[in-house]
Amino acid sequence: MEKVDLGFYERTNVLKIANDLLGKLMVTSWNGKQSIGRIVEVEAYNGIVDKASHAFGGRRTSRTEIMYGRGGTAYVYLCYGIHHLFNIVTNKRDIPHAVLIRALEPVEGIDLMLQRTGKVKVDHSLASGPGNVSKAMGILTRHSGEDLLGKQIFLAYDNFSLRKSEIIATSRIGVDYAAEDALLPYRFFIWNNVYVSAKKSLEVVGVEKRAYKSIPSKQSI
DNA sequence: CTGACGATTCACT
DNA sequence: GTGAATCGTCAGC
């Protein structure tokens with residue numbers, strides 16, 4: 001298991017990074033408690049030109065400031081007053097790209113995940129859905145700003161690999177307010193993986209496997 | 001200071 | 001399919 005390095009996070013194409021995150025291992029380790037999950041579903045948020053992004057239009061607030069930090073930083077925020085959503089900041093400082101981790105396949109420390117989620121046995125929902133990912137891994141908003149090159153929260157890779165044909169791209173979940181940008185195929189997941197969330201909405205959408213080639217890059221508003 | 005609301009989940013119909 | 005839970009964040013006054 002090798003830790004994902006800074007170069008991976010600092011790349012400029014957030015859609016490419018989102019694709020590359022599929023199959024990677026997410027690790028949390030504190031108080032001697034380690035949990036590992038394999039990333040099976042993500043969503044890309046393309047910074048200031050993306051109406052679904054918290055940083056749309058260059059918006060800077062105390063909360064979103066983290067997104068303007070260096071790639072390889074955790075951005076965690078509270079949603080609906082209940083759910084802690086874990087994102088990975090990408091690109092260079094001042095370019096607020098991010099990738100939301102939406103689902104994990106539990107790999108290690110599963111007893112801890114069960115304990116944290118209050119579940120009795122493993123099922124498809126253990127770390128499926130962005131709120132459940134954080135709950136199972138023990139991530140809270142206080143971890144926002146944490147360095148992903150550190151020892152507490154980081155990503156790693158092993159021998160696992162995916163073919164491009166195993167990656168499905170669809171529109172993102174819960175971003176209807178983003179008008180036309182709600183339709184962009186910025187959600188990626190592993191085909192046929194049982195831990196992927198919101199399956200009902202799939203209906204085998206028009207699969208856009210090369211979505212990242214059409215990424216908008218203009219930096220004006 | 002106030003009010004509206006969200007990158008969600010779960011139980012229930 | 002519908003609605004409740006629940007609170008930090010943010011715009012507006």
Side-chain angles (χ1 to χ4, degrees), chain A residues 14-15 17-19 21-22 26 37 39-69 73-91 95-104 106 113-114 116-146 168-189 194-203 205 211 215-216 221:
Chain A
V14 70
L15 299 182
I17 294 173
N19 273 262
L21 283 171
L22 292 175
M26 175 176 166
I39 298 171
V40 300
E41 179 184 357
V42 298
E43 279 178 5
Y45 287 84
N46 189 29
I48 67 173
V49 299
D50 183 354
K51 290 182 178 172
S53 170
H54 291 166
F56 174 65
R59 198 155 173 269
R60 274 181 187 261
T61 67
S62 52
R63 178 181 68 159
T64 64
E65 192 61 31
I66 298 289
M67 298 179 79
Y68 292 83
T73 303
Y75 170 51
V76 188
Y77 70 93
L78 190 65
C79 188
Y80 293 98
I82 306 171
H83 308 291
H84 301 251
L85 271 55
F86 174 74
N87 298 254
I88 292 169
V89 175
T90 71
N91 214 316
I95 302 179
H97 288 179
V99 178
L100 172 68
I101 305 303
R102 288 193 55 92
L104 302 176
M113 297 188 196
L114 290 171
R116 291 174 180 136
T117 56
K119 292 179 186 294
V120 183
K121 59 174 190 176
V122 181
D123 65 7
H124 299 349
S125 74
L126 185 56
S128 181
N132 290 331
V133 166
S134 297
K135 198 170 180 185
M137 298 296 279
I139 289 174
L140 301 168
T141 53
R142 55 176 287 259
H143 296 117
S144 198
E146 185 134 334
I168 308 297
T170 67
S171 54
R172 294 169 290 189
I173 307 290
V175 296
D176 294 347
Y177 60 84
E180 72 275 12
D181 287 352
L183 302 175
L184 295 170
Y186 285 3
R187 174 186 180 219
F188 305 97
F189 59 88
V194 297
Y195 295 95
V196 171
S197 72
K199 288 221 184 49
K200 286 165 244 169
S201 67
L202 297 186
E203 294 159 17
V205 208
I215 184 171
I221 301 165

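In the text below, chain A, chain B and the rest are named by the order of the sequence lines, each starting its count at 1. Computed from a predicted model, the values in this text were never measured in an experiment.
Panel note: side chain S128(A), backbone Y195(A); a donor-acceptor pair is recorded below 3.5 Å. With D181(A) contributing its side chain and K51(A) its backbone, the two residues share a donor-acceptor pair below 3.5 Å. At distances below 3.5 Å, not a single donor-acceptor pair connects side-chain atoms of S171(A) with backbone N or O atoms of L183(A). Put simply, the side chain of E41(A) gets close to the backbone of S197(A): a donor and an acceptor are under 3.5 Å apart. In terms of modelled atom types and a separation under 3.5 Å, the side chain of S134(A) and the main chain of G131(A) share no donor-acceptor contact. Using modelled atom types, one side-chain atom of R172(A) and one backbone atom of A44(A) make a donor-acceptor pair closer than 3.5 Å.
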Bracket notation of DNA chain C in which parentheses pair within the strand, [ ] cross earlier pairs, and | pairs with another strand (Watson-Crick or G-U, under 3.5 Å): |||||.||||||.
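Atoms CD1 and CZ, from I168(A) and R187(A) in turn, are 10.5 Å apart once rounded to the nearest 0.5 Å. One distance of note links CZ of F56(A) with CD1 of I48(A); it measures 9.0 Å at 0.5 Å rounding. For the atom pair H97(A) NE2 and M67(A) CE, the distance stands at 9.0 Å (nearest 0.5 Å). Note that OG1 of T170(A) is 13.0 Å distant from OH of Y186(A), once rounded to the nearest 0.5 Å.
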Return a single string for nucleotides 5-13 of chain C, one symbol per nucleotide in 5' to 3' order, where B is base contact, S is sugar-phosphate-only contact and - is none, cutoff 4.0 angstrom on heavy atoms. BBBSSSS--
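On the P atoms, dT2(B) is 22 Å away from dT6(C), given to the nearest whole Å.
Within residues 134-142 of chain A, no residue places a heavy atom under 4.0 Å from DNA chain C.
You can see that DNA chain B meets the heavy atoms of chain A within a 4.0 Å-exclusive cut from dG6(B) to dC10(B), reading 5' to 3'.
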Sequence neighbours excluded and cut-off under 3.5 Å, please list the side-chain donor-acceptor pairs for residues 77-88 of chain A, or say none.
unit_1	atom_1	unit_2	atom_2	d
H84(A)	ND1	T141(A)	N	2.9
N87(A)	ND2	Y75(A)	O	3.2
N87(A)	ND2	L85(A)	O	3.3

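Within 4.0 Å of N132(A), counting heavy atoms only, lie sugar-phosphate atoms of the nucleic acid but no base atom.
The side-chain heavy atoms of L22(A) and V42(A), taken from C-beta on, include a pair separated by under 4.5 Å.
The salt bridge (charged side-chain N to carboxylate O under 4.0 Å, His left out) analysis of residues 116-127 of chain A, with sequence neighbours excluded, yields no pairs.
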